[in-house]
Structures are given as structure tokens and as C-alpha cells.
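Structure, as C-alpha cells:
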Protein chains: 2
Amino acid sequence: MAGVSIGSLYQYFPSKEALVAAVIDRHTQEISEVTRKALVKAAALPIEAAAREFVSVAIDGHRVNPKLHGVLAEQIPHVGRLQNIEALEQEGYALVRAYLEAHRDEIDVADLDLAAFVLVTVVEALTHAAVLRRPDILSDEKADRFVDDVTRLLVRYLGAS
Amino acid sequence: MAGVSIGSLYQYFPSKEALVAAVIDRHTQEISEVTRKALVKAAALPIEAAAREFVSVAIDGHRVNPKLHGVLAEQIPHVGRLQNIEALEQEGYALVRAYLEAHRDEIDVADLDLAAFVLVTVVEALTHAAVLRRPDILSDEKADRFVDDVTRLLVRYLGAS
DNA sequence: TACAATTATGAGCGATCGCTTGTATTTTGT
DNA sequence: ACAAAATACAAGCGATCGCTCATAATTGTA
């Protein structure tokens with residue numbers, strides 16, 4: 001009926017959960033590809049440029065497949081925080097943490113762990129909400145303003161204003 | 001078995017959805033009670049104090065019933081963004097927007113709508129994540145630092161540094 | 001073409017879902 | 001004390017769920 005029959009599906013995936021996991025894996029990997037290079041590149045940039053790159057890449061990541069991303073963001077907690085997502089998250093977290101350490105003397109925050117948490121959470125939440133709930137904010141004529149705003153938010157938070 | 005039987009349940013609620021809606025309504029109202037006074041009070045405060053109040057009240061709101069809040073945050077998208085939640089969100093958004101307008105001359109952001117979106121999204125995301133996923137950040141000895149950090153984030157973002 | 005191996009199919013299985021309904025129990029009114 | 005009204009209860013209904021398996025269609029080999 002819808003391209004493949006139930007039976008065929010279960011020849012390739014042992015369970016529905018496995019199927020969903022595979023979909024998530026693919027999506028995660030697509031995001032990884034878009035993301036990783038940019039983040040590594042950002043690691044070598046000064047704070048303002050790195051922040052901007054971080055924001056841009058987060059937007060791009062969320063734009064890979066917004067509809068699927070939205071559905072997954074709803075469903076994943078039920079599946080139980082899939083390992084690959086967790087891993088991607090941890091990787092991003094570690095990169096940010098490492099960046100902060102490398103720029104310790106230019107940064108004015110007391111607790112780098114807390115700062116990493118704040119940065120990752122803020123950028124993820126803002127880009128996620130913008131892409132999925134306020135697409136107007138990312139329209140061609142407004143997107144730059146959004147990136148500018150969030151970049152400034154990050155830079156000033158780090159005390160590098 | 002669990003306090004009330006299925007039959008009794010369906011004497012008071014026409015459907016499961018209605019039951020869930022009632023639970024959400026109660027939770028929303030509890031948060032409203034905790035929140036509204038503080039937000040109105042914050043409206044009369046200078047930026048730094050208002051920001052701090054905003055952050056504190058967001059934490060308190062998320063602490064009302066963290067476990068329930070977590071479950072609801074997962075389930076609500078499916079129920080279809082219940083009206084009361086939507087209303088509470090809009091109210092918070094409007095309050096922030098009004099505050100920003102009232103303090104227009106002390107604030108250095110280009111777009112007040114965008115700023116309101118950023119502020120609400122950031123505080124909601126940070127407190128939500130902190131309460132539900134990083135409770136260590138809100139331990140007695142660390143909570144103040146978190147509030148300080150986020151307050152500073154908001155204040156600096158608004159250009160009132 | 002004939003046969004074997006592989007892959008696709010969907011009717012239908014048991015389990016679980018939201019929900020109804022007949023009965024048992026409690027509360028109320030007299 | 002008794003009947004009537006209101007409330008509590010859980011067995012079980014149909015519908016749907018994830019999934020299996022006997023069969024059909026396709027592909028590979030000779």
C-alpha cells in the first residue's frame with residue numbers, strides 16, 4: 001500500500017523500535033555530516049566568529065529535515081534517549097567545553113561546565129524553536145538578524161564583550 | 001487497583017483525552033499561581049532585578065511538579081498544544097514584550113519581538129533542562145550561581161551591561 | 001525453459017488500547 | 001429500617017497495535 005508491505009519491513013528490521021532507531025540514526029548522521037566540519041573549523045576561530053559559526057551550524061542542522069526532526073524530538077523521549085543522539089549531544093558538549101578551556105583567559109564565567117551547558121542548551125533551544133515554531137524568524141530577510149542577535153547573546157554571556 | 005477503577009474514571013471524564021486535559025489544566029493553574037504574582041512584580045523592577053526574578057520564577061514553575069512536567073512536556077505535542085498551555089505561554093510572552101517596550105530606552109536590541117522570543121525561549125529551555133536533566137545544577141550550593149549566570153546572560157543580551 | 005533461492009506480500013495472530021455496561025456497594029432521603 | 005439515588009467497580013467489548021508466517025512473485029543459475 002505505502003511502498004513497502006509490513007512483512008517486507010520486518011525482513012529488514014527486527015522490531016518497530018529498531019526501525020525507528022534506524023531512521024533516527026540516519027537523521028543523526030545527516031546532521032553530523034553537516035555539523036562536524038563546521039564545529040571543528042569553529043574551534044580555531046576567535047570567540048565572536050566561533051559563536052557565529054556555532055549558531056549557523058545549529059540552524060543548518062535543524063534545517064536538515066525539520067519535519068522529521070520535529071516528530072523525532074517528540075518521540076525520542078519515549079524510545080528512551082537513543083544512544084546515537086546522546087553521543088552526538090555529548091560530542092557537541094565536549095567540543096564546546098574544550099573550546100571554552102582553550103580560551104579560558106578571554107572568558108569571564110566562573111564555571112566552564114555550567115557555561116557549556118548554558119551555551120549548548122541556549123543555541124539548541126533557540127534554533128529548534130525558530131525552525132519549528134517561528135519559521136518567520138528565519139525568513140531570508142530576517143535570518144541574519146537572528147544570527148546576529150544570538151551570536152551577540154553568546155559573546156556577551158562569555159564576558160568577551 | 002490504583003485508587004480508582006476505570007469505570008469510576010469514565011463517570012467523571014468523557015474520554016482519556018479529557019482526563020489528560022484536566023490534569024494539564026490543574027498543573028498549568030498551579031504554575032500560574034506560582035508565576036503570575038512574581039511576573040507582575042517584576043514588571044516594576046529595573047532590568048537586572050527583573051531578569052533575576054524572571055529566572056527565579058521560571059525555576060519555581062518548573063519545580064512545581066517536575067516529574068509530571070516532564071511527562072507532559074513529552075505528551076502535550078501529541079494532544080495538540082492544549083489551549084491553556086498556549087494561553088499561559090502567550091501571557092508570559094506578552095508580559096515580556098510589554099516590559100521591553102516600557103524599558104525601550106535602556107535596551108539595545110533591534111527587534112523587540114525577536115528579543116522577547118529569545119528571552120522566553122532561553123529561560124524556558126535553561127530552567128527546563130536544569131530541573132529535568134541536570135538537577136545537580138540546581139543543588140542548594142549551586143543554584144545561586146545558575147541564577148546569577150542566567151541573569152547576567154539576559155542582562156547583557158539586552159545590552160544593559 | 002525448469003528449478004532453486006531470494007524477496008515481497010497481507011491476512012490474521014495475540015496483546016493491548018480506550019471505553020461501555022451490568023452489577024455491587026455506598027450514600028441519601030424519609 | 002428501607003427504598004431510591006448516586007457512585008464505584010471490573011469483566012469484557014470492539015478497535016488497533018506490533019508482529020508472524022504461509023504463500024506469491026521475482027531473481028539468479030543452468
Side-chain angles (χ1 to χ4, degrees), chain A residues 1-33 61-91 124 128-129 131-133, chain B residues 1-34 61-90 124 128-129 131-133:
Chain A
M1 183 218 179
V4 284
S5 66
I6 311 136
S8 299
L9 223 49
Y10 278 91
Q11 272 184 350
Y12 297 97
F13 303 96
S15 66
K16 191 196 178 186
E17 190 179 333
L19 195 165
V20 173
V23 172
I24 292 174
D25 274 10
R26 188 147 61 90
H27 182 62
T28 304
Q29 205 169 340
E30 281 170 9
I31 289 180
S32 287
E33 276 165 28
H62 280 278
R63 272 179 165 160
V64 164
N65 196 336
K67 217 171 153 185
L68 173 63
H69 188 88
V71 174
L72 293 182
E74 286 177 9
Q75 302 289 357
I76 286 171
H78 310 294
V79 179
R81 294 227 137 262
L82 238 27
Q83 46 192 358
N84 293 42
I85 300 264
E86 192 89 33
L88 186 65
E89 231 168 58
Q90 289 297 338
E91 189 185 340
E124 150 67 20
H128 185 89
V131 171
L132 292 172
R133 295 177 56 185
Chain B
M1 184 218 180
V4 285
S5 65
I6 310 137
S8 300
L9 223 51
Y10 277 91
Q11 272 184 348
Y12 296 98
F13 303 96
S15 69
K16 192 197 178 184
E17 189 180 335
L19 196 164
V20 173
V23 171
I24 291 174
D25 274 10
R26 188 147 62 89
H27 182 61
T28 303
Q29 204 169 339
E30 281 169 9
I31 289 180
S32 287
E33 278 165 25
V34 170
H62 279 277
R63 273 179 165 163
V64 164
N65 197 337
K67 217 170 153 187
L68 174 62
H69 189 87
V71 174
L72 293 182
E74 286 178 9
Q75 301 289 357
I76 284 173
H78 309 293
V79 178
R81 295 228 135 259
L82 239 27
Q83 47 193 356
N84 292 42
I85 301 261
E86 193 89 32
L88 186 65
E89 231 168 57
Q90 289 298 339
E124 150 67 20
H128 186 90
V131 170
L132 292 172
R133 296 177 55 186

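Quick note: numbers below take in every heavy atom, side chains included, and nothing from hydrogens, waters or symmetry partners. A quick note: this is a predicted structure, and the numbers were derived from the prediction, not measured.
In this structure, B/H27 and B/H69 have tilted ring planes: the angle between them lies in the 30° to 60° band.
More than 12 heavy atoms of other residues, nucleotides or ligands lie within 6.0 Å of CD in B/E30, so this atom counts as buried by the packing criterion. Atom CD of A/E91 is surrounded by more than 12 heavy atoms from other residues, nucleotides or ligands within 6.0 Å.
Here the closest non-hydrogen pair linking B/V131 and B/P66 is CG1-CB, 3.9 Å. Of all non-hydrogen atoms in B/F13 and B/A22, the two that sit nearest each other are CE2-CB, 3.5 Å.
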Between protein and nucleotides 21-27 of chain D, what N or O pairs are separated by less than 3.5 Å?
none

Identify each atom pair where a protein N or O and an N or O of nucleotides 23-28 of chain C are less than 3.5 Å apart, giving names and distance.
none

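With hydrogens and angles disregarded, a donor-acceptor distance shorter than 3.5 Å links the side chain of B/T28 to the backbone of B/I24.
Distance CD1/B/I31 to CZ/B/R26: 12.5 Å, rounded to 0.5 Å.
Side-chain contact between A/E124 and A/H62 is present, with at least one heavy-atom pair separated by less than 4.5 Å.
You'll find that the side chain of B/S15 is closest to C/dC19, out of C/dA8, C/dC19, D/dC9. For A/I6, counting side-chain heavy atoms from C-beta on, the closest listed nucleotide (D/dC9, C/dG10, C/dC19) is C/dG10. Which of D/dA10, C/dG10, D/dC19 sits closest to the side chain of A/S5 comes down to C/dG10.
No engagement by A/F13 is indicated, since no non-hydrogen atom pair under 4.0 Å with the nucleic acid exists.
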